[in-house]
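Comments concern the structure below.
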Amino acid sequence: MGKALYEASSAARAVMDAAGSELKQLISEGPAEELNKTDVTQPAVYITGLAAWEALKEAAGDKLTASVGGVAGFSLGEYGALTAAGVVPDFAAGLDIVRHRGAFMAEAGRYADGSPRGAMAAVIGTRDEVIMAVNEARERDVLEAVNFNSPTQVAVAGDAEALERLKTVGKARGLRVIPLKVSTAFHSPIMAPAAKRLYDYMSSYKFDAPRVKLYANTTGRDIAGGFGAGEQAGFSEFMREYMMNQLKSPVYWQETIEHMAEDGIGVFIETGPGKTLTGLVKKIAPDVQ
């Protein structure tokens, strides 16, 4: 991914070159087995998303900056949004945080003997239907609905055995359960140790209040809450706690898009690898462009 961006945009090249030759080569050439490891996936997606954002700014100029009504990012993509909004101080800081986030999550997604723990699946069905199936299949394992993607799609994460039971339960309930190619159970309680390590690691970073409205994964609403523009007191600690909790909490993407549309945002531009979010936006808010 990212090859076309690299060739077309000097701004995108600057971002991808700054990531280092090893990671840049993995992004553009693979192999997929390496890219699917979360400690590689996360910096790779962050870099590609930021390269696309910088390429868009390069092409659109001041007109784009003046017209942005809000930004949001899905899961790891939220770090791209945080950087674009000026919360994360710069690209280098964002990449450093994301690299460590990925490493912490990779380690949390293993048992004490080093064997992998955790998996995810997309479930096609309404939110209530999926949650009932999850509650039935969980038993003594970890199993949670973690990504509320659209009115008819929810991602579920947890122990592999519980996800196997969910396939059976889901089939009986008329739900379609689709395993996802990920390395562990993101946004689930399995990630709690990684969340604490990320919080501790970010102690040396200072975060600024966003320059543009940023819609949060965990609520779907303005991340800054009661913090006004320029009000820095306590904001860095607030963001450390938020980023810690975001790692182990559900992503309310449906609510995010609904609130953005309610706030008058009528045009959505996806800056990142693939078109997944574009498809979800069409399902959530069919009247927007």
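One is the number of the first residue; the rest follow in order along the sequence. Since the structure is predicted, the reported quantities are computational estimates derived from the model, not experimental observations.
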Does any non-hydrogen side-chain atom of [Y] lie less than 4.5 Å from one of [X]?
{"X": "Leu143", "Y": "Asp159", "answer": "no"}
{"X": "Met1", "Y": "Ser28", "answer": "no"}
{"X": "Asn147", "Y": "Ser75", "answer": "no"}
{"X": "Met239", "Y": "Tyr242", "answer": "yes"}
{"X": "Met244", "Y": "Arg240", "answer": "no"}
{"X": "Trp253", "Y": "Gln153", "answer": "no"}
{"X": "Leu163", "Y": "Val156", "answer": "yes"}
{"X": "Glu144", "Y": "Pro189", "answer": "yes"}

Hydrophobic cluster membership, [X] vs [Y], 4.5 Å side-chain cutoff:
{"X": "Leu50", "Y": "Ile47", "result": "yes"}
{"X": "Phe91", "Y": "Leu26", "result": "yes"}
{"X": "Leu198", "Y": "Val87", "result": "yes"}
{"X": "Ile269", "Y": "Val281", "result": "no"}
{"X": "Phe74", "Y": "Val71", "result": "no"}

[X] (side chain) donor-acceptor with [Y] (main chain) under 3.5 angstrom:
{"X": "Glu78", "Y": "Asn217", "answer": "yes"}
{"X": "Ser188", "Y": "Ala185", "answer": "yes"}
{"X": "Ser236", "Y": "Phe207", "answer": "yes"}
{"X": "His187", "Y": "Lys248", "answer": "no"}
{"X": "Arg117", "Y": "Tyr111", "answer": "no"}
{"X": "Thr219", "Y": "Arg221", "answer": "yes"}
{"X": "Ser9", "Y": "Leu5", "answer": "no"}
{"X": "His259", "Y": "Tyr215", "answer": "no"}
{"X": "Glu129", "Y": "Thr126", "answer": "yes"}
{"X": "Asp113", "Y": "Ser115", "answer": "yes"}

Nearest heavy-atom neighbours spanning [X] and [Y]:
{"X": "Met120", "Y": "Ala155", "value": "CE-CB, 4.3 Å"}
{"X": "Ala72", "Y": "Ala81", "value": "C-CB, 3.7 Å"}
{"X": "Met191", "Y": "Ala108", "value": "CE-CB, 3.9 Å"}

Supply the atom-to-atom distance [X] [atom1] to [Y] [atom2], rounded to the nearest 0.5 angstrom.
{"X": "Ile223", "Y": "Gln246", "atom1": "CD1", "atom2": "CD", "result": "8.0 Å"}
{"X": "Leu23", "Y": "Leu95", "atom1": "CG", "atom2": "CG", "result": "7.0 Å"}
{"X": "Thr256", "Y": "Asn149", "atom1": "OG1", "atom2": "CG", "result": "10.5 Å"}

Side chains of Tyr6 and Asp17: do they bring a donor and an acceptor to under 3.5 Å?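 Side-chain D/A pair, Tyr6 to Asp17: present.
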Salt-bridge criterion met for [X] and [Y] (N-O under 4.0 Å):
{"X": "Arg99", "Y": "Asp39", "result": "no"}
{"X": "Glu270", "Y": "Lys275", "result": "no"}
{"X": "Arg197", "Y": "Glu107", "result": "yes"}

I want to know whether Tyr252 and Phe148 have ring centres closer than 6.0 Å.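 Tyr252 vs Phe148: aromatic centres under 6.0 Å.
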Which pairs would a plain distance check flag for residues 168-176, meaning a side-chain donor or acceptor within less than 3.5 Å of a matching protein atom at least two apart in sequence or in another chain?
unit_1	atom_1	unit_2	atom_2	d
Arg173	NE	Glu136	OE1	3.1
Arg173	NH2	Glu136	OE1	3.0

Pick one: which of Tyr201, Tyr46, Tyr205 meets ring-ring contact (aromatic ring centres under 6.0 Å, His included) with His100?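 Checked Tyr201, Tyr46, Tyr205 against His100; only one passes ring-ring contact (aromatic ring centres under 6.0 Å, His included): Tyr201.
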Arg138, CZ: over 12 other non-hydrogen atoms inside 6.0 angstrom: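 Counting other residues, nucleotides and ligands, CZ of Arg138 exceeds 12 neighbours.
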